[in-house]
Amino acid sequence: MLKEERFRVILNEVALHNRVLLTDIAESLDVSIDTIRRDVKELDAEQKLRKVHGGAISLGFVNFNPKNQNIYAIEEKTKIAEKAVSLLKEGSVLLIDGGTTCVELARAIPHELQLTCFTLSLPVALELLTKPNIQVIFIGGQLSRDAQIAIGANAMHNLSGITVDYGFIGTGYVDAVYGLTEFDWDIVQVKKAVIKASKKTILLSISEKLNSNHRYKTCDVSAINTMITELDPDNNALISFKNQDIQLL
């Protein structure tokens, strides 16, 4: 495979999943890890992604900016956010996860809506602070440099003490059979705690992530009350999810 082709694959995977492992890309392309490491280093030098230990992350994932132009599938994520906002009610208590789609949700919340919002995500918290009628409560803990969210024992302890009306979460991978999965064990534990703290859990996911899975499981699809994609709920791409006991929006 030519280097330019490897670059396209790497950039697409990083954009889609926000973070990727060198080992996963090397295996999928059937090349050595050293080759992928050199590719990622070159793409980092070209400022097309951020190289981190053992992998890479997208620039849109780590560089919070209200006018960020590096967000992958921004139109789809904006549509998902608009659908999610339709579920909100005056006075609701929310818990918003990290990730670029959750940031778009925070951005889409109307300024006049009065809410209480808990979040683990620094970018989400900063966006929520622009809304004058939202009480913002940050769930503290050890900060993940890659995901920019609170993780670890302190975050888990703080989450265990709250119950919210709606918990909005993102995911790296989602499959009707395997459920929601990630490659980061710490992120999985936090997402499990978010689900436990939520009366209703809403998954925000672009359709490109459907029918994909990774090594660490967050939950079964049945643990989610509502799944929101940019697609119409009757789209054929969602057929495998229609037999699940969840609402499609």
Side-chain angles (χ1 to χ4, degrees), residues 17-19 61-62 64 81 84-85 87-106 109 113-129 131 133-175 178-205 209 213-228 244-247:
H17 299 294
N18 294 321
R19 298 178 294 162
F61 192 55
V62 296
F64 175 72
V85 165
L87 299 175
L88 303 182
K89 300 175 183 177
E90 188 82 7
S92 293
V93 180
L94 317 179
L95 177 53
I96 303 180
D97 187 20
T100 51
T101 309
C102 286
V103 172
E104 291 308 311
L105 167 59
I109 296 175
L113 195 59
Q114 292 191 350
L115 301 167
T116 298
C117 290
F118 291 85
T119 186
L120 298 140
S121 165
L122 282 176
V124 168
L126 290 171
E127 188 62 49
L128 291 173
L129 285 174
K131 315 288 180 172
N133 293 311
I134 295 181
Q135 181 182 13
V136 184
I137 304 172
F138 185 73
I139 300 293
Q142 175 189 346
L143 279 172
S144 166
R145 292 183 182 275
D146 295 347
Q148 297 184 319
I149 67 170
I151 57 174
N154 195 53
M156 304 282 288
H157 174 74
N158 291 335
L159 285 168
S160 70
I162 64 174
T163 301
V164 300
D165 299 314
Y166 303 100
F168 293 91
I169 68 170
T171 187
Y173 306 81
V174 57
D175 182 85
Y178 294 99
L180 280 61
T181 54
E182 306 280 350
F183 72 73
D184 189 312
W185 177 253
D186 290 327
I187 298 297
V188 165
Q189 303 316 305
V190 169
K191 289 185 186 293
K192 285 182 177 180
V194 170
I195 293 169
K196 189 174 181 180
S198 306
K199 292 180 181 178
K200 292 185 177 181
T201 303
I202 296 95
L203 171 65
L204 311 178
S205 177
K209 292 185 179 181
N213 64 86
H214 217 283
R215 57 174 61 87
Y216 299 131
K217 186 170 183 175
T218 301
C219 65
D220 290 324
V221 170
S222 59
I224 303 301
N225 298 96
T226 303
M227 183 172 77
I228 304 178
Q244 306 289 334
D245 188 23
I246 60 172
Q247 177 188 15

Does any non-hydrogen side-chain atom of [Y] lie less than 4.5 Å from one of [X]?
X	Y	value
R19	I187	yes
V85	L105	yes
I169	L180	yes
I246	V221	yes
S121	I96	no

message: Tell me if the NZ atom of K196 is crowded by more than 12 foreign heavy atoms within 6.0 Å.
response: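 For K196, atom NZ is not crowded (no more than 12 foreign heavy atoms under 6.0 Å).
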query: Within a radius of less than 6.0 Å around CZ of F138, do more than 12 heavy atoms belonging to other residues, nucleotides or ligands occur?
result: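 Result for CZ/F138: enclosed.
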Whether [X] side chain and [Y] backbone form a donor-acceptor pair below 3.5 Å:
X	Y	answer
E182	G172	yes
K191	G170	yes
K209	T171	yes
S198	T201	no

task: Describe, in one word, how the ring planes of Y173 and H214 are oriented to each other, choosing from parallel (under 30°), tilted (30 to 60°) and perpendicular (over 60°).
output: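 Tilted: the ring planes of Y173 and H214 meet at 30° to 60°.
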query: Can you name the closest pair of heavy atoms from L94 and F168 and give their distance?
result: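 Between these two residues, the closest heavy atoms are CD2-CE1, 4.1 Å.
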task: Scan L120, N154, I149, V194 and name whichever one has a side-chain contact (heavy atoms from CB on, under 4.5 Å) with I139.
output: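 The side-chain contact (heavy atoms from CB on, under 4.5 Å) with I139 is passed solely by L120 among L120, N154, I149, V194.
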message: List the residues meeting side chain to side chain donor-acceptor pair (under 3.5 Å) with Q189, not counting sequence neighbours, and say none if there are none.
response: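 Result, side chain to side chain donor-acceptor pair (under 3.5 Å) vs Q189: none returned.
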